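Predicted model, so just to flag it, every value in this text is computed and none were measured. All chains are named by letter (A, B, ...) in the order of the sequence lines, taking the proteins before the strands, and each is independently numbered beginning at 1.
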Amino acid sequence: MRRVTQFAFHGFRGLAVAAVFSLATDASAAADPIPALQDLLEGTRIMGIAEINPHDRRLAEARGGSYELSGGGLVTFDRWYQRLRPDLRLDGMSRLTDGSAILWGISTGELGSKYVVEPSIRLGLLVQTHPSPASTLSLTVTTALGGRLREKPCTADYGQIGGVQVVNCRLAASILEPKRTLDFLWRERMPDQTRVTLRYRLRF
Amino acid sequence: MTHLSRLSAFLLCTALTVPFILHSPAHASDAVLQFDAFNNGKGGGGGKKTTDSGDTGSTDGSGDTTLVLPTLQNWMSPEIMEAWKVGYFGQTTTITVIDDFSSSNRIRGDLGLGSTRLLHGEWTELQTSMIATEAQMRRQDFGDTRTVSLARSGLNVLNLSYGMMGQAGWNLNQINWSNREQSIINYATDGRAVVSKAAGNDSVAVGSANGSGSFDYLNAALIGTQSAIFVGALDRNGTTANKASLAWYSNYAGIDAKVQNQFLVVGVEGNKTNLYGTSFAAPIISGYASVLGSKFTSASPTHIVDRLLDTARTDTIQGYDVRLHGRGEASISRALAPAAIH
């Protein structure tokens, strides 16, 4: 554990390597894999189920948008970017040793009329030590796979001047050429895809 | 036959309270510019032509658009800023301003870039270019009566902030037009260019003689053509909460259904710019047409004109009356928007 805290000053990549190395060292110490697996399962805890969409901020902004149609009718974006199926995330932790654990999580993804958030999995490692009886130093490294936000296009009818075209729903009334609005459809990775957290707690 | 010598080109801008007419330069004795310049005659420095344009936009990979937007000036409708927020502004379009670029008649005004004195044509060109910031600008001076040439590709827009004035009573087929006016009329008739024509400042119906018996024969020649719009002036940019009224000087649509059908109004906020007159209404429509042409790149000039006319608003005008306001107040945001989306 002391080794890990020394790596802490080598930057994020160094931290991740140190953490993985630490895990490998601990795992190789287990002589019999079956009891080790049993220990792992016994030490597994569900940390919580939550409705969390990592793209929620962007979608919330979009829901506030609107524009007028050529005839004056108002189009509000909330119906396009309102969630129809929420993103449910299950987080858990499996203890490896007294001072380390695997963090894991899965999410169902989210669906709206004009967007999809793909399902995702999250894996990570937690190592912690007590430099003194009153203090705790912990390092968490997590990374996520999936969870991309993909925006779906709309079909817009511009009448005689532009016909019916596939467009970016948000930008259909902008000055952009309709087909060029498709360049601005969201294709976004999950924010904070890899996260490294170093935490020191002192009780007094 | 009436000869051109009987017609004069008048700029369409107005003085502080009394409209006046500036005769065009020597070569343009056949044309009359109609304009009204507020505070005309004050001293001041030369003008600065700006064709500053906004960035064409870029994406940072996250789907966001990063733009350097032009500045919304206080004389502009806020709608144009909505149109600018994303996109590029008038590429593939060409605006030709036929106006006074060579006389000594400078007018003091301020379009938000500082008070200065410019020629009438410099003002109308600047005004248009501040709306359609990426459009290719061309100018043809009144002294040049040759055929107006069009760009070979993209939408062509002609800005006419002048009228061809003469004593009323002649038939149009008696007019011996210069090549310049004849080409403009032909382009409007054939739908080859958007023609944005200042309606005039005599407070009469388009196609009628003014109080002194003068008549705008160019207006008359453009009535019923495919791609010409007559542009009148409102006293401000209207909103549903703060409706606008026809400016005191502006010509209006009248009872001719053809004129009503091709007549638009826009706010001319001379209290902010010192520039009054329908001379400064037409460039707004020229800019709007260019903006539309950059979005709908395959649309014909007639389509562009129809779009502006069809999407005009009447709910932003106090006491809307088709005989005064024609189709209503031009709305660039509605013109850009789809009729339906799902």
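Here A:R89 does not pair with A:D87 in a salt bridge; the nearest charged N to carboxylate O distance is not below 4.0 Å.
In terms of heavy-atom pairs under 4.5 angstrom with chain B, the leader among A:G163, A:P153, A:G72, A:G159 is A:G72. Interface remark: of the candidates A:S113, A:P178, A:G73, A:P178 forms the most heavy-atom pairs closer than 4.5 Å to chain B.
With a 4.5 angstrom heavy-atom cutoff, B:A339 touches chain A via backbone and side-chain atoms both. Residue A:V164 does not touch chain B at all, counting heavy-atom pairs closer than 4.5 Å. There is no contact between A:K179 and chain B, counting heavy-atom distances below 4.5 Å.
Counting only residues at least two apart or in different chains, salt bridge (charged side-chain N to carboxylate O under 4.0 Å, His left out) contacts with residues 74-85 of chain A comprise A:E51-A:R83, A:D56-A:R83, A:R83-A:E110.
For A:K152, the NZ atom counts as densely surrounded, since its 6.0 Å shell holds more than 12 non-hydrogen atoms of other residues, nucleotides or ligands.
In this structure A:W80 satisfies the ring pair (Phe, Tyr, Trp, His ring centres under 6.0 Å) test together with A:F77, sequence neighbours excluded.
With rounding to the nearest 0.5 angstrom, the CZ atom of B:R138 is 12.0 Å from the CD1 atom of B:I95.
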